[in-house]
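Order of listing sets the numbers, starting from 1, for every ligand and every atom in it.
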Amino acid sequence: MLLSRVLPSNITLLPTFSNARAAPLRYRHVLAGGAITVPVRRRFAMTIQAREGSPVIDIKPQPLKLLDRRTKLKIAVIGFGNFGQFLARTFAAQGHEILAYSRTDYSDTARSLGVAFFDDQHDLCEQQPDVVLLSTSILSAEAVLRSLPIQRLRRSTLFVDVLSVKEFPRNLFLQLLPPDFDILCTHPMFGPESGKHGWAGLPFAYDKVRIGDSDDRVERCRAFLEIFDREGCRMVEMSCAEHDETAAEIQFLTHTIGRVLAKLDLKSTPINTKGYETLLNLVQNTCSDSYELYNGLFIYNKNSTELIEKLDGALDTTKKELFERLHGIFRKQLFEGSARISVGGGN
Ligand code: NAP
């Protein structure tokens with residue numbers, strides 16, 4: 001909708017320069033007792049001024065969330081496994097057109113989700129999607145990306161990844177994609193288990209690694225991010241390096257503890273405490289993800305090696321503290337005879 005078309009004839013628009021980063025926004029203003037809502041871009045922030053002496057009104061930019069307009073995207077999901085399907089369900093429910101490709105034939109599942117499944121990457125790329133979303137395992141990402149016939153895509157296609165590590169796909173995209181392609185690296189910090197009741201309040205980390213200046217490219221990136229914003233995700237913009245540093249602690253540590261506990265084969269009992277229930281849930285949450293995912297978190301995040309060493313050291317220190325105390329008690333009893341103690345069947 002053109003702003004000038006909805007304004008009274010005595011009102012004129014004066015574009016004013018703004019230093020804010022370009023992002024489409026909704027501006028709401030009351031004119032002559034009625035409300036109008038108009039989408040304009042932040043960098044063209046408007047001053048509304050009456051031609052015949054009415055007061056000057058400045059329209060201030062509003063946050064991204066207030067956007068009213070909905071851009072429908074054609075999104076190609078590459079890697080239609082556990083997580084790719086989980087995302088596609090919500091993308092489709094929001095009215096976006098979803099295409100998918102995977103090495104496994106998921107055509108039945110795709111049909112049930114309203115997704116067009118392609119068993120040939122060339123056919124998929126010839127559909128010229130707006131967005132190509134890489135959702136393969138971390139370990140296979142490079143091989144999959146190298147095998148994509150990107151020459152069949154439009155030159156300005158937006159590439160997005162959802163890998164649980166970020167520096168690795170960022171470098172891969174920068175290295176393998178021609179400079180015309182846009183790049184957005186993201187990590188929805190939830191999965192089919194933790195996000196099964198909705199995405200509200202769950203963190204979504206992203207880094208706009210390379211987004212062209214033109215309005216349509218900025219708008220496409222915004223429209224993609226808005227999918228998650230609309231579901232109520234907590235949108236966190238951070239660099240890929242910053243993500244990996246933080247994620248090693250919060251994600252790799254969580255998965256490692258979950259997998260260590262799984263080796264203990266913990267069982268639910270009639271006297272479960274809340275804490276123990278938390279441990280059982282952790283095992284369930286982490287072990288429902290593939291081992292390949294966990295392995296990728298270790299191999300492709302350089303911060304994970306240091307973290308697992310620290311964890312090992314912390315377990316050793318804790319054991320040492322416990323046994324030193326125990327030895328202290330034994331020694332006291334042996335040499336000072338303060339109490340009798342039963343060791344190895346004696347009295
Ligand atoms: P995953 O085991 O990490 O990846 C499975 C996907 O990778 C499937 O689509 C699979 O395709 C594909 N794949 C594996 N090896 C392949 C190969 N050699 N060649 C081609 N494709 C291959 O499990 P996931 O949970 O679906 O995760 C997908 C991505 O999302 C990962 O990068 C993960 O880090 C990220 N992620 C996952 C979660 C989560 O909670 N699960 C959350 C955030 C981000 P086929 O099924 O066709 O074999």
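Note: an N/O pair closer than 3.5 Å links Phe83 and ligand 1 by distance alone. Among the atoms of Thr136, some N or O lies under 3.5 angstrom from an N or O of ligand 1. Residue-to-ligand polar distances keep Gly84 apart from ligand 1: every N/O pair is separated by 3.5 Å or more.
Taking a cut-off of under 4.0 Å to the non-hydrogen atoms of Gly79, the atoms of ligand 1 that pass are 9 (O). Which parts of ligand 1 touch Ile138 is read off a 4.0 Å heavy-atom cut-off, strictly below it: atoms 32 (O), 34 (O).
Judged by the shortest distance from any of its heavy atoms, Ala141 lies outside the 4.0 Å radius around the atoms of ligand 1.
For atom 42 (C) of ligand 1, the candidate residues are Phe190, Tyr291, Phe80; the nearest heavy-atom contact is made by Phe190. Of the listed options Val144, Leu87, Val162, Val144 places a heavy atom closest to atom 20 (C) of ligand 1.
The closest side-chain heavy-atom distance from Leu311 to Ile257 is below 4.5 Å.
For atom 10 (C) of ligand 1, no protein heavy-atom neighbour is found at a distance under 4.0 Å.
Between Arg170 and Asp161 there is no salt bridge, since no side-chain nitrogen of the basic residue lies less than 4.0 Å from a carboxylate oxygen of the acidic one.
Side-chain N/O atoms of Tyr294 and Thr256 include a donor and acceptor closer than 3.5 Å.
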